[in-house]
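Since the structure comes first, as structure tokens, the remarks are kept for the end.
All chains are named by letter (A, B, ...) in the order of the sequence lines, taking the proteins before the strands, and each is independently numbered beginning at 1.
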2 protein chains.
Amino acid sequence: MTELLKLQNQMCFPVYALAREIINHYRPMLDELELTYPQYLVLLVLWEQEKQTVNQLGEKLMLDSGTLTPLLKRLEQKGIVKRERSTADERVVFISLTEQGKALETKATCIPEQLMQSLNMSMEDMIQLKSISDKILKAV
Amino acid sequence: MTELLKLQNQMCFPVYALAREIINHYRPMLDELELTYPQYLVLLVLWEQEKQTVNQLGEKLMLDSGTLTPLLKRLEQKGIVKRERSTADERVVFISLTEQGKALETKATCIPEQLMQSLNMSMEDMIQLKSISDKILKAV
DNA sequence: CAAAATTAAATTGTACACAATATAATTTTA
DNA sequence: TAAAATTATATTGTGTACAATTTAATTTTG
């Protein structure tokens, strides 16, 4: 058996499994807002800048229109975002927050702290995980 | 705007994005074997021990039967694994490698090395990423 | 300027993930 | 030992991901 093919020697597996595990920890908190984790990410980006194109959202979240279009339509259905085509360039669709979408931010403020408690990770580990994955993400 | 709700302050996002990015780097190599990344993970586990229950696979990969059952049926369709109910306990389904499934291991031997080249990461970063995510995964 | 190339979103199709539930078999317990 | 609880897998339904293609609009180029 080739040593490099053993599960415990895989580099991607713990990253993949950890991402899913953290998302599972988010679930009870996001359930209360009736949001999925990717929907929450879209809102994080919109709370920073309330009107953006699908393309801008996609670049920040590294997601394409095949993922975002249906996700954004679901957020629109819920009355959280508005979708409107640019008049200047009709290929472009602007996504903006509704009042309801803006109001959700208040309900979400406690989530980061709640998540840290739920994960029960040390601050050092948290910082190390974030900095190494940020660094690698930037490089690849 | 609450500082903790900014995308660049999220701890999970880079992990989630990096996992997807690494899987995208695997894609061209796995395409040649006509495997998806989760299917490849199942084979890694089976190459270590060629006959296991669905439950054992699920524990090692942190996946439930809702994910594994259809995935394993697809691998069975391709002639890579065999599925058979235990006679001792008819609730249990054993998954084992076919000759074709065993033969795939040879074709996969170069993948770990190819992936590292594709990612072009330093060995230190790779080791740091793996050790911190292994550590956190164990703890949560 | 008109044809060709590019761009932005949407659509289609396949394959995960996972919650919730169902089914059937085995263990536990009263 | 029969009913209750547990266990293993399967099924159903929703929501991503992403490749490939389509559509429509804009830019570039001959």
Side-chain angles (χ1 to χ4, degrees), chain A residues 12-13 16-28 30-43 52-59 61-78 80-81 83-95, chain B residues 12-13 16-28 30-43 52-59 61-78 80-81 83-95:
Chain A
C12 181
F13 174 68
Y16 156 78
L18 182 57
R20 287 187 292 120
E21 187 62 23
I22 299 177
I23 290 171
N24 289 340
H25 278 263
Y26 267 110
R27 205 175 306 276
L30 292 179
D31 277 352
E32 286 184 38
L33 307 189
E34 293 183 286
L35 293 173
T36 65
Y37 181 69
Q39 289 169 5
Y40 172 67
L41 288 180
V42 166
L43 291 182
Q52 298 187 55
T53 68
V54 173
N55 212 34
Q56 286 175 305
L57 295 175
E59 281 191 13
L61 300 176
M62 303 173 67
L63 293 170
D64 70 6
S65 68
T67 302
L68 284 174
T69 297
L71 185 158
L72 293 168
K73 283 184 178 175
R74 283 188 282 269
L75 287 181
E76 187 185 35
Q77 287 292 311
K78 294 194 218 178
I80 293 171
V81 305
R83 296 164 66 246
E84 45 189 347
R85 267 187 198 276
S86 163
T87 46
D89 183 343
E90 294 215 347
R91 292 170 303 180
V92 171
V93 170
F94 281 113
I95 307 298
Chain B
C12 182
F13 175 68
Y16 157 78
L18 182 58
R20 287 187 292 122
E21 187 62 24
I22 299 177
I23 290 171
N24 289 339
H25 278 262
Y26 267 111
R27 206 174 307 275
L30 293 178
D31 277 352
E32 286 185 38
L33 307 188
E34 293 183 287
L35 292 174
T36 65
Y37 181 69
Q39 289 169 6
Y40 172 68
L41 289 180
V42 166
L43 291 183
Q52 298 186 56
T53 69
V54 173
N55 211 34
Q56 287 175 303
L57 294 175
E59 280 191 14
L61 301 176
M62 303 173 68
L63 292 170
D64 69 7
S65 68
T67 302
L68 283 175
T69 298
L71 185 158
L72 292 168
K73 284 183 177 174
R74 283 187 284 269
L75 287 180
E76 187 185 35
Q77 286 294 311
K78 295 194 216 177
I80 293 171
V81 305
R83 296 166 66 246
E84 47 189 346
R85 269 189 195 275
S86 163
T87 47
D89 183 343
E90 294 215 348
R91 293 170 303 181
V92 171
V93 171
F94 281 113
I95 307 298

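Under the salt bridge (Lys or Arg N to Asp or Glu O under 4.0 Å) criterion, A:D64 pairs with no residue, sequence neighbours left out. Among residues two or more places apart in sequence or in another chain, the salt bridge (Lys or Arg N to Asp or Glu O under 4.0 Å) test is passed with B:E84 by B:K51. Partners of A:A17 according to the side-chain contact (heavy atoms from CB on, under 4.5 Å) rule, which considers only residues two or more places apart in sequence or in another chain, are A:F13, A:R20, B:M62, B:L137.
A pairwise comparison of heavy atoms in A:R27 and A:N24 identifies NH2-OD1, 2.6 Å as the closest pair. When every heavy atom of A:Y16 is checked against every heavy atom of B:A19, the shortest pair comes out as CA-CB, 3.8 Å.
Atom CZ in A:R91 sits about 9 Å away from atom P in C:dA9, given to the nearest Å. Taking atom CD of A:E84 as the reference point, atom P of C:dA8 lies 18 Å away to the nearest angstrom. The nearest whole Å value for the distance from the CZ atom in B:R85 to the P atom in C:dA25 is 9 Å.
If you take CG on B:L30 and OH on B:Y40, they are separated by 6.5 Å, rounding to the nearest 0.5 Å. Here the straight-line distance linking atom CD1 of B:I95 with atom CG of B:L75 works out to 9.0 Å at 0.5 Å rounding.
For residues 69-78 of chain A, the set of pairs meeting the salt bridge (charged side-chain N to carboxylate O under 4.0 Å, His left out) definition, not counting sequence neighbours, comprises A:E76-A:R83.
DNA chain D is contacted by both A:D89 and B:L72; B:L72 maps to the nucleotide lying nearer its 5′ end (nearest heavy atom per residue).
Residue contacts shown for B:A88 are limited to sugar-phosphate atoms, with no base heavy atom under 4.0 Å away.
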Next item on the list: Do nucleotides 12-23 of chain C as a string where each nucleotide becomes B, S or -: B if the base has a protein heavy atom under 4.0 Å, S if just the sugar-phosphate does, - if no protein is that close.
Entry: ---SSBBS----
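Using a 4.0 Å cutoff to heavy atoms of chain A, the contacted part of DNA chain D runs 5' to 3' from D:dG15 to D:dT26.
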